[in-house]
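Below: one structure, written as structure tokens.
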2 protein chains.
Amino acid sequence: MPQSRPRIIPEATVARLAVYLRVLAGLADGGRSHVSSGELASAAGVNPAGLRKDLSYLGPCGVRGVGYSVAGLRDRLTDALGGERSRPCVLIGIGRLGSALADYAGFASRGFEFVGLLDTDPAAVGRRVGGLPVRPVAELEAVVAETQATIGVITTPAEVAQSVCDRLVSVGVRSILNFAPVALTVPAGVDVRKVDLSVELQVLAFLDQQRHGTPPLVAPLRAAQGSAR
Amino acid sequence: MPQSRPRIIPEATVARLAVYLRVLAGLADGGRSHVSSGELASAAGVNPAGLRKDLSYLGPCGVRGVGYSVAGLRDRLTDALGGERSRPCVLIGIGRLGSALADYAGFASRGFEFVGLLDTDPAAVGRRVGGLPVRPVAELEAVVAETQATIGVITTPAEVAQSVCDRLVSVGVRSILNFAPVALTVPAGVDVRKVDLSVELQVLAFLDQQRHGTPPLVAPLRAAQGSAR
DNA sequence: ACGACTTTGTTCAGGCGTTCACAAGCGGTT
DNA sequence: AACCGCTTGTGAACGCCTGAACAAAGTCGT
């Protein structure tokens, strides 16, 4: 009865499992019944050996000589990642980015449902976004209580993100996705994931410069040539 | 003459440098002249020793016993990350997310300027987003050529992302930020960074389940209690 | 029914990133 | 001028993750 699963799953692996799950969903729609680790890996953009290692955290999932059952693995991954029950989310900060997230179809199809939209701006309150009315952020605690939301998504300006975060934590939200460009401080037991769009572009800019500037990377140390300002 | 800098900067470090830069910009606006690594680290949400190691890749930046000059370090980081010259970007896929990115102020203030917006949908073409008209995606090559864009941002549906990517690469774009939920294949010398919003939520869902299910982590294999699914 | 091929699952080594701890260096003070 | 405290910069250990090679296992063909 090898039902025990004592080993913990690394977070990097979890993120990849989510990718595999999406690929598998596509394959299932396409009518495929089996996949090999190689094919799945190339579709997910990872190494085949790494993929097998990732899946091994869930116990034996495939059949040697054949591959993985698409539907079977999909269900297994779905369970591992938290089942397919709907997960209620609240979204604070209904600006352009918030609005885009609120009716991003990719979330709903994966079980994430926005059940509360909040904003401070009186002009935004009352508007309907993705079929849901925007409510004043003062009602944050009430909204979380009545919707039993477990995930909070913060798309506010940086200045108020920490205060919004604190209020979310105080009413029991323990999973937070932060788009505001600040490092949030949370007590132990609360998970925060940060998405920083500016940083992504900045990294690309660095890599681009590095490509062009590899030869003349003499560095403007102190002999900075007329670096105005 | 220790002006050589043979060591390369790890990508994880580059991402953090971008964070430090933003914090420093805020401090500079606040009139601060010096910061210690401890203060800067806590504002950025990282370990002080790690921050110092990150900065050490740029050579000595601070003054022992005093800390870092806010303005000096800011300029140093700005240079390291590609200078403050404006970087032209093209954005393909002007849906809700694309529109949100197109006039996200956080980009422009950091030197990233959208110079081309492209979409296939005839209803979107011609619309103005963030002061820029949306052009048909057929003109992608022309737009890149005339604007000299170096960064491409893909917010299209997954099905067409690879084809858009290929076309970007074919006209010389070597830095790509991909929001489409697919793994893009690119030739060597091209950098792709992927932002996958669904994956972020899925990881949170997993962590949440893990918290609740740690004691009863017997796994709801088939003995799921009333999981109406 | 047997053999060979295919594909998984696992084990091992390598590299990278992070963290801790200490020495070096600078400013302020007496 | 010398001392003391503070902070940076760096060297080394630790742990994690990644990538490759091998053995187990199951299926297909003959």
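Chain naming here is simple, since letters A, B, ... match the order of the sequence lines and numbering starts at 1 in each.
- Within the model, atoms CD1 of Ile92(A) and CG of Asn178(A) stand 10.5 Å from one another, a figure rounded to the nearest 0.5 Å.
- One interatomic measurement links the two molecules: CG of Asn47(A) to P of dG15(C), which rounds to 16 Å at whole-angstrom precision.
- Tyr68(B) places its OH atom 13 Å from the C1' atom of dG25(C), with the value rounded to the nearest Å.
- In this structure, Ile8(B) atom CD1 and dG17(C) atom P are separated by 8 Å, rounded to whole Å.
- Taking 3.5 Å as the limit, the base of dT7(C) and the side chain of Arg64(A) contain no donor-acceptor pair of atoms between them.
- For the OP1/OP2 pair of dT7(C) and a distance below 4.0 Å, the side-chain nitrogens and oxygens of Ser37(A) include no atom meeting the criterion.
- For dT7(D), neither phosphate oxygen OP1 nor OP2 lies less than 4.0 angstrom from any side-chain nitrogen or oxygen of Ser36(B).
- Dashed line: the shortest gap from a side-chain N or O of Tyr57(A) to OP1 or OP2 of dT10(C) is not under 4.0 Å.
- As a whole-Å value, the separation of Lys53(A) NZ from dC17(D) C1' is 9 Å.
- Across the protein-nucleic acid pair, Arg52(B) atom CZ and dC22(C) atom P stand 13 Å apart, rounded to whole Å.
- Straight-line distance from the CG atom of Leu40(B) to the P atom of dG9(D): 12 Å, rounded to whole Å.
- Proximity note for Pro60(A) (side chain, C-beta onward) versus dA20(D), dG9(C), dT18(C): the nearest is dG9(C).
- Atom CG of Asp54(A) is separated from atom C1' of dT10(C) by 14 Å (rounded to the nearest Å).
- Proximity of Leu207(A) to Val14(B): side-chain heavy atoms (C-beta onward) are nowhere separated by under 4.5 Å.
- Arg52(A) and Ser37(A) form a side-chain donor-acceptor contact under 3.5 Å, judged by distance and modelled atom types alone.
- Position along DNA chain D of the nearest nucleotide to Ala49(A) versus Val63(A) favours Ala49(A) as the more 5'-ward residue.
- A salt bridge links Arg211(B) with Asp208(B): at least one charged nitrogen is closer than 4.0 Å to a carboxylate oxygen.
- If you measure from atom NE2 of His34(B) to atom C1' of dT8(D), you get 14 Å, rounded to the nearest angstrom.
- Across the interface with DNA chain D, nearest-nucleotide mapping of Gly38(B) and Gly65(A) shows Gly38(B) to be the residue nearer the 5′ end.
- In summary, the side chains of Ser175(B) and Arg87(B) do not present any donor paired with an acceptor at a separation below 3.5 Å, with no hydrogens or angles considered.
- If you check every strand for non-hydrogen atoms under 4.0 Å, Gly50(A) touches nothing.
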